[in-house]
**Q** 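First the structure, which I've put down as structure tokens, then a few questions once you've had a look.
Chain letters run A, B, ... following the sequence lines, proteins first and then strands; every chain starts at 1. Just the heavy atoms: all of them, side chains too, but no hydrogens, waters or symmetry mates, feed the values below.
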Number of protein chains: 2
Amino acid sequence: MDLNERKLKILQAIVSDFISTSEPIGSRTLSKRPDIDLSPATIRNEMSDLEEMGYLTHPHTSAGRVPSDKAYRLYVDQLMKGSDLPEVNKQEISERLHKDADELDQTVEHAAQLLSEMTNLVSFAITPNRSESKISYINFLPVDESSVVLMIVCEDGKVTNSAIRMNSPYTEENLTLMSKVMTHNFKGKAVSAVLTENIAAMFESDMQALAGLAGSVVPSFMKTLEKMLNVDLYMDGYSNIFRLPEYSDVSKARNFLEAVTNKEQFTNVLVNRDQGLAITIGDENSEDLKDFALVTADYKVNGKLVGRLGVIGPKRMKYGEVTSVIKYITDNLSQTFEIPAPEEAAEESAEAEDNDK
Amino acid sequence: MDLNERKLKILQAIVSDFISTSEPIGSRTLSKRPDIDLSPATIRNEMSDLEEMGYLTHPHTSAGRVPSDKAYRLYVDQLMKGSDLPEVNKQEISERLHKDADELDQTVEHAAQLLSEMTNLVSFAITPNRSESKISYINFLPVDESSVVLMIVCEDGKVTNSAIRMNSPYTEENLTLMSKVMTHNFKGKAVSAVLTENIAAMFESDMQALAGLAGSVVPSFMKTLEKMLNVDLYMDGYSNIFRLPEYSDVSKARNFLEAVTNKEQFTNVLVNRDQGLAITIGDENSEDLKDFALVTADYKVNGKLVGRLGVIGPKRMKYGEVTSVIKYITDNLSQTFEIPAPEEAAEESAEAEDNDK
DNA sequence: TGTTAGCACTCTGAGCGAGGGAGTGCTAAC
DNA sequence: GTTAGCACTCCCTCGCTCAGAGTGCTAACA
């Protein structure tokens, strides 16, 4: 049996109707659609075929048809109409993202917020993984007799710092020396590469005089590097899920919340998805997310680092609208975090200076 | 009519029974309790009195009694038995809080997690407000041609940084000069005080040569100071609320989530609570939280800064247990973040050094 | 005078059955 | 190949009843 054009048309109608109503679709309902000029009986025959082929299911004998995961997949791949974002929404996105755009973390958080508002789903965003970011310099700064702040700056401008409690007394000169030697040794190296180096040995060879400080400094330094690798997860719109009829059962809602608020596990899921625009539906997801669909897309920072943004919701999601919103936001984010070409920056700054006077 | 001992005893029994069952309590049930030696009829009379006095209500004629907000308040103030935390739990708290205790933010997050696990409620924690923290120094650091990192360190070791996009070209000397002058001017001053100073004027008088940079630097500096005043909110255990029978109705669960995931508003509520151990019940809260009870307590950092930790849940909360967990955790946190007396620190460090060798 | 037993009354919630509605599958005719 | 017709299935709602829980009132008791 093959999926001829008529079957596709019927399937498409069922999926899109089900997406908007969440009610099983019957043959009579379909036959009333202006774009389908067939009698209920004919439609029933086709439906029966589609069910046999695994695209439809049946909650019970006298109910209409419901799309299967396979049907959603086909719908997303072939049948769905891409929708163009209304100009108003595009403007809103641009405006809200460009406001306060100097902090990556904050902008990403805003993007997630925006996304959940526009899709009425639960949205999330993760910040880029920095394991391949290069270290720009390392600085130890005094706080009080026994505490020091360690600061590591990446070439992309990301600053990570930690407090270090020193077990031995130190002088400012000690800190300056450590800063210099470590910057000299690690500048330009990737975070992941530095993590594998033997830093204790460095104290023994390059800074013998400070070997006594190694005990306090080395573990903190390693921890800070690991902290740089952390991917932050933002989520928004939790309560949106409760507006959907499929979660009127509290235990389902709870399952959802549990799956999604386990930050570590969920971050893991997000990190390991396909790059670019990725849509996974139902059993394409891990066990605890098999009742949901996820749509994600990537944004770039400085043309290199890659973060990710998306939504999670029921399988009967308005894939067309959702994807276009996500794409528009990620594209916009990528633009926002682009490095301006150096010459241009210089020109602009000259202008800005003039204006200031 | 007065609240004689018998009435108090009955009220206490009703509240504590209702807390554990969430079912309206009838006179027969009460009369079966070993500590109450009265016939159902007598109890009914007393209940009727208590209802008249506003301590009990009645869902409908043939249902048992339910405590009012007033009854919970009395219960918390007078009738509740403080429960002592089992030694096992105390140990678990200590262990889990002291692990990775070098980062305040992280430890506070862990504390919230722990709290929701131990109470099976939704927990939250806010970091201290730093408006009166004193600035230790200010540092501008180069990233690339057009970006600079601004770092402000407080006396308590908190580091805040922001990226600044420079509109005019700069040199490392410029940055060093700015760092020096600004540190000199602001060292020892409270963040809130610095926020009111005229920083632009400082560029005109103390750093005329750098006046061109003021346009990029001043707004970012102000923003960074404001960022230091931000209080972070952590929450944990959202899904716990769905195990409670009173939230088996999805719309109630949604109301809860909406009230609680509005971060800005909810942080505000938390910041403005009474100091120390604070319990607010039902209509003692703002409108959107009037169906809940909140229990919070403060922890101290360096004996000065004050952060806050607590839970939100149904009014029929096990106040005794919950308060003792919260108290134990906040006390423990305060200990963890105490500044060790300087002499002691010196001794310890000498020891540590010996051990290292 | 406070306490208790008894009783009528009220309200809820579970259980049951009937009936309408929606939808299917099959058959036979076009 | 398409359609009309029809019997059949299943769900959902509605109304009804009935048991259970609990109250309030009254009258009797210590």
**Q** When we call it a touch if two heavy atoms are under 4.0 Å apart, what does B:Ala63 touch: a base, just sugar-phosphate, or nothing?
**A**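 Sugar-phosphate, no base atom in range.
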**Q** To the nearest Å, how far apart are A:His58 NE2 and D:dC8 P?
**A**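 After rounding, the gap between these two atoms is 18 Å.
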**Q** State whether A:Arg28 places a side-chain N or O below 4.0 Å from either non-bridging phosphate oxygen (OP1 or OP2) of C:dT24.
**A**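 Result: no.
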**Q** Counting just side-chain N and O atoms, does B:Thr42 come under 4.0 Å of either OP1 or OP2 of C:dT3?
**A**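 Checking C:dT3 against B:Thr42, no side-chain N or O comes under 4.0 Å of OP1 or OP2.
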**Q** So what is the 5' to 3' dot-bracket string for DNA chain C, if pairs are Watson-Crick or G-U wobble with both distances under 3.5 Å, crossing pairs use [ ] and | means the partner sits on another strand?
**A** ||||||||||||||||||||||||||||||
**Q** Taking the side chain of A:His60 as heavy atoms from C-beta outward, which of D:dT3, D:dC11, C:dG25 is closest to it?
**A**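 It is D:dC11.
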**Q** Please tell me if B:Ser48 has a side-chain N or O lying less than 4.0 Å from either OP1 or OP2 of D:dT23.
**A**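 It does not, given that no N or O in the side chain of B:Ser48 lies less than 4.0 Å from OP1 or OP2 of D:dT23.
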**Q** Can you tell me if B:Ser27 uses its side chain to pair, donor with acceptor, with the backbone of B:Arg44 under 3.5 Å?
**A**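 Absent.
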**Q** For a quick test of reading the model: is some side-chain N or O of B:Ser62 closer than 4.0 Å to OP1 or OP2 of C:dC11?
**A**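 False: B:Ser62 side-chain N/O out of range (4.0 Å or more) of C:dC11 OP1/OP2.
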**Q** Taking CE from B:Met47 and P from C:dT4, how many angstroms apart are they, rounded to a whole number?
**A**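 Computing the B:Met47:CE to C:dT4:P distance gives 15 Å.
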**Q** Mind calculating the distance between CG (B:Leu56) and P (D:dG24) to the nearest angstrom?
**A**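 Atom CG in B:Leu56 sits about 11 Å away from atom P in D:dG24.
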**Q** Rounding to an integer number of Å, can you tell me how far A:Glu51 CD sits from C:dG23 P?
**A**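 My rounded result for the distance is 15 Å.
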**Q** Over how many whole Å does the gap from B:Asn45 atom CG to D:dC25 atom C1' extend?
**A**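 Taking CG of B:Asn45 and C1' of D:dC25, I get 10 Å after rounding.
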**Q** What contact category does A:Thr61 fall into here, base, sugar-phosphate, or nothing, at under 4.0 angstrom with non-hydrogen atoms?
**A**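 It contacts sugar-phosphate atoms only.
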**Q** Does A:Asn4, at its CG atom, have more than 12 non-hydrogen atoms belonging to other residues, nucleotides or ligands within less than 6.0 Å?
**A**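 Count over threshold, so yes.
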**Q** Expressed as a whole number of angstroms, how long is the span from A:Glu23:CD to D:dC11:C1'?
**A**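 Taking atom C1' of D:dC11 as the reference, CD of A:Glu23 is at 12 Å.
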**Q** Taking only the side-chain nitrogens and oxygens of B:Arg44, find out if one of them lies under 4.0 Å from OP1 or OP2 of C:dG6.
**A**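 Looking at the OP1 and OP2 atoms of C:dG6, neither is under 4.0 Å from any side-chain N or O of B:Arg44.
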**Q** Is a donor on one side and an acceptor on the other found under 3.5 Å between the side chain of B:Thr21 and the backbone of B:Asp17?
**A**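 The answer is yes, because a donor-acceptor pair under 3.5 Å joins these two groups.
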**Q** Parallel, tilted or perpendicular: which one describes the rings of B:Phe124 and B:Phe266, with boundaries at 30° and 60°?
**A**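 Answer is perpendicular, since the angle exceeds 60°.
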**Q** Does A:Lys315 count as lying over the ring of A:Tyr72, i.e. NZ or CZ under 6.0 Å from the six-ring centre, within 45 degrees of the axis?
**A**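 Geometry flag: not set, cation outside 6.0 Å or 45°.
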**Q** Return the orientation label for the A:Phe292 and A:Tyr247 ring planes: parallel under 30°, perpendicular over 60°, tilted otherwise.
**A**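 Because their plane-to-plane angle is under 30°, the rings of A:Phe292 and A:Tyr247 count as parallel.
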**Q** Calculate the interatomic distance between B:Leu30 atom CG and D:dT23 atom C1'; express it in whole Å.
**A**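 Between C1' of D:dT23 and CG of B:Leu30: 14 Å.
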**Q** When the distance from NZ of A:Lys7 to C1' of D:dT2 is rounded to whole Å, what number comes out?
**A**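 Taking atom C1' of D:dT2 as the reference, NZ of A:Lys7 is at 14 Å.
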**Q** Do the side chains of A:Lys290 and A:Asp69 get close enough for a salt bridge, i.e. N-O under 4.0 angstrom?
**A**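 A salt bridge is absent here (no side-chain N lies under 4.0 Å from a carboxylate O).
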**Q** Would you kindly compare A:Gly26 and B:Arg6 by the position of their nearest DNA chain C nucleotide and give the one closer to the 5′ end?
**A**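 First, find each residue's nearest nucleotide; the 5'-ward one identifies B:Arg6.
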**Q** Is the backbone of B:Tyr75 close enough, under 3.5 Å, to the side chain of B:Gln78 for a donor and an acceptor to pair up by distance?
**A**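 It does not hold such a pair.
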**Q** Both B:Leu38 and B:Pro59 contact DNA chain C. Taking the nearest nucleotide for each, which residue is further toward the 5' end?
**A**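 Here B:Leu38 is the residue nearer the 5' end.
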**Q** Can you identify which nucleotide, out of C:dT4, C:dT3, C:dT24, has its nearest atom closest to the B:Ser39 side chain?
**A**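 Nucleotide nearest to B:Ser39's side chain: C:dT4.
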